[in-house]
There are 2 protein chains.
Amino acid sequence: METLRERKKRRTRESLLRAALELFTTQGYEHTTVDEIAEAVDVSQRTFFRYFAGKEEVAFAVQNITEAAFVAAVRARPPHEAPMKALRQAFLEGWDAIRETVESIVPVELYLRMYRTIESTPALLAAHLRRSAATEETIARLLAEREGVDVDTDPRPRLAVAVFAAVIRVTERQCCVREDFGPEALRTLSAAHLDQVGSALTGNWRGA
Amino acid sequence: METLRERKKRRTRESLLRAALELFTTQGYEHTTVDEIAEAVDVSQRTFFRYFAGKEEVAFAVQNITEAAFVAAVRARPPHEAPMKALRQAFLEGWDAIRETVESIVPVELYLRMYRTIESTPALLAAHLRRSAATEETIARLLAEREGVDVDTDPRPRLAVAVFAAVIRVTERQCCVREDFGPEALRTLSAAHLDQVGSALTGNWRGA
DNA sequence: CAGGCTAGTGACAGTCGCTGACAGTTGACA
DNA sequence: TGTCAACTGTCAGCGACTGTCACTAGCCTG
């Protein structure tokens, strides 16, 4: 059971979050001031900073959740599964669950719009990539543990995760550029790209 | 022939650059103010911003040069070479030339120290990853042109570059952590890691 | 070589992200 | 009901960055 205080807090936080995403996606991240966000929810600027460490953090609040969900999905894969297969399955099968989690906080449509804003705003893209790098590290350690190898001496965990993440990023970007950025497109495209990694690494591509 | 004005300008710029890197690497990026950098060279803060768009830009001034050199090295590879091989050779063989280029601006030792500072400063790491992403895009287009494929419909150029970049990044990070961060270590390690990508992607790793 | 032109600079004021300090208010709980 | 802790607003300040304006130093022409 939630106390009144907690309810109020949660409401303020979610209002700030939604207002921020709405402003970011409509008028751009850089052109949105923290004062504006606070004003839209009718709290002081200082209060905003009590809920979010900074302007950047609110932009990634939803991604935080999806990333955590993905890590959990990897952790839940059967331990006998081969590493790359586990990553692949966690991503493809976990997609719907992640989507539901997002929907409980903000409309998925707003989330997708925000994703595009991140891709097209240098400062946010930079932060996104750094955060991805941190997640990669987490998953690399997870895989290493699963497979019983040492993450600091055996490069394979980090290599595998780095390659997987690279493929996902390429896919995400392609989805962002196109108009048909739906859950299905991302799933089928990433499956296709994961299949093509092998052939992309060997030989030249002219002989079709 | 360089005019007096141009000489003065170049000297001011390089002084600012060296002073900035020196301060960043000794007392940290965050704890160094633009005022300090300007003061160290005895110019006004406003002048600093006339030479560098921001505090971040001066931190990556040297990386700018090395990245450009790498892109040029890839462009110079014989066109019949397979894509991944071209990347690999450009990186391994171009290393010495890049090193010389750096030395002409700042001591290599300072460059390496700065590299570590970048890796260990969140804001700089984020910027570094974003810049790397931009370079990846450049090289992907270059490879696509070489191979005569369309970069927007064929995912292989971006996939190959992304994988290559991921391997290099993993290697760089490992070199940063260790103490023996010399030119040799990076070269041999990246070669080894590039060889291991294949085996990292297939099967599980337990059966040694 | 005198005088004008312009690039480069410094000084100053202002915006925005962000933080610390302090005081007021509101919900929780005895 | 009164106390306490959590939450909030106000204010003052720092650092990154920008616009403006006046001034100086190098250059270029007559």
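Order of the sequence lines sets the chain letters (A, B, ...), proteins ahead of strands, with each chain counted from 1.
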Check this for me: does the side-chain of B:R46 come within 3.5 Å of the base of C:dG8 through a donor and an acceptor? no
Under 4.0 angstrom between B:K9 side-chain N/O and C:dA7 OP1 or OP2: no
How close or far is atom P of C:dG8 from atom CZ of B:R50, stated in whole angstroms? 10 Å
Nearest to the side chain of B:Q45 - D:dC17, D:dG26, C:dG10? D:dC17
Are A:F24 and A:I118 close enough that some pair of their side-chain heavy atoms sits under 4.5 Å apart? no
Figure out the NE2/P separation between A:H31 and C:dG17, and round it to whole Å. 11 Å
Any B:K55 side-chain N or O less than 4.0 Å from OP1/OP2 of D:dG15: no
D:dG26 C1' sits how many Å from B:E2 CD, rounded? 14 Å
Round to the nearest Å and state the distance from B:I37 atom CD1 to D:dC17 atom C1'. 13 Å
Base, sugar-phosphate or nothing for B:Y51? Non-hydrogen atoms, less than 4.0 Å. sugar-phosphate
Should A:R10 and A:E14 be marked as a salt bridge (Lys or Arg N to Asp or Glu O under 4.0 Å) after you check the CA-CA gap, both sets of side-chain angles, and the distance that decides it? CA-CA 6 Å; A:R10 201 165 54 83; A:E14 290 182 2; 3.4 Å; yes
Atom CZ of B:F49 and atom P of C:dT15 are separated, to the nearest Å, by 17 Å
Earlier contact from the 5' end, DNA chain D, for A:D42 and B:E56: A:D42
d(CD, B:E6; C1', D:dA25) in whole Å: 15 Å
Presence of B:K8 side-chain N/O under 4.0 Å of D:dG26 phosphate oxygens OP1/OP2: yes
Using whole Å, report how far CG of B:L4 lies from C1' of C:dG8. 12 Å
Between A:D150 and A:R156, does any side-chain N to carboxylate O distance fall below 4.0 Å? no
Using whole Å, what does the distance between atom P of nucleotide D:dC17 and atom CD of A:E30 come to? 12 Å
Quick check for you: among C:dC16, C:dG10, C:dC18, whose closest atom lies nearest to any side-chain atom of A:T33? C:dC16
Does the pair A:S132 and A:T135 meet the rule for a side-chain hydrogen bond (donor to acceptor under 3.5 Å, both in side chains), with working shown? CA-CA 5 Å; A:S132 299; A:T135 307; 5.9 Å; no
Without hydrogens or angle criteria, can the side chains of B:E93 and B:Q89 be said to hold a donor-acceptor pair below 3.5 Å? yes
For the side chain of A:R5, counting heavy atoms from C-beta on, which of D:dT18, C:dT6, C:dG27 is nearest? C:dG27
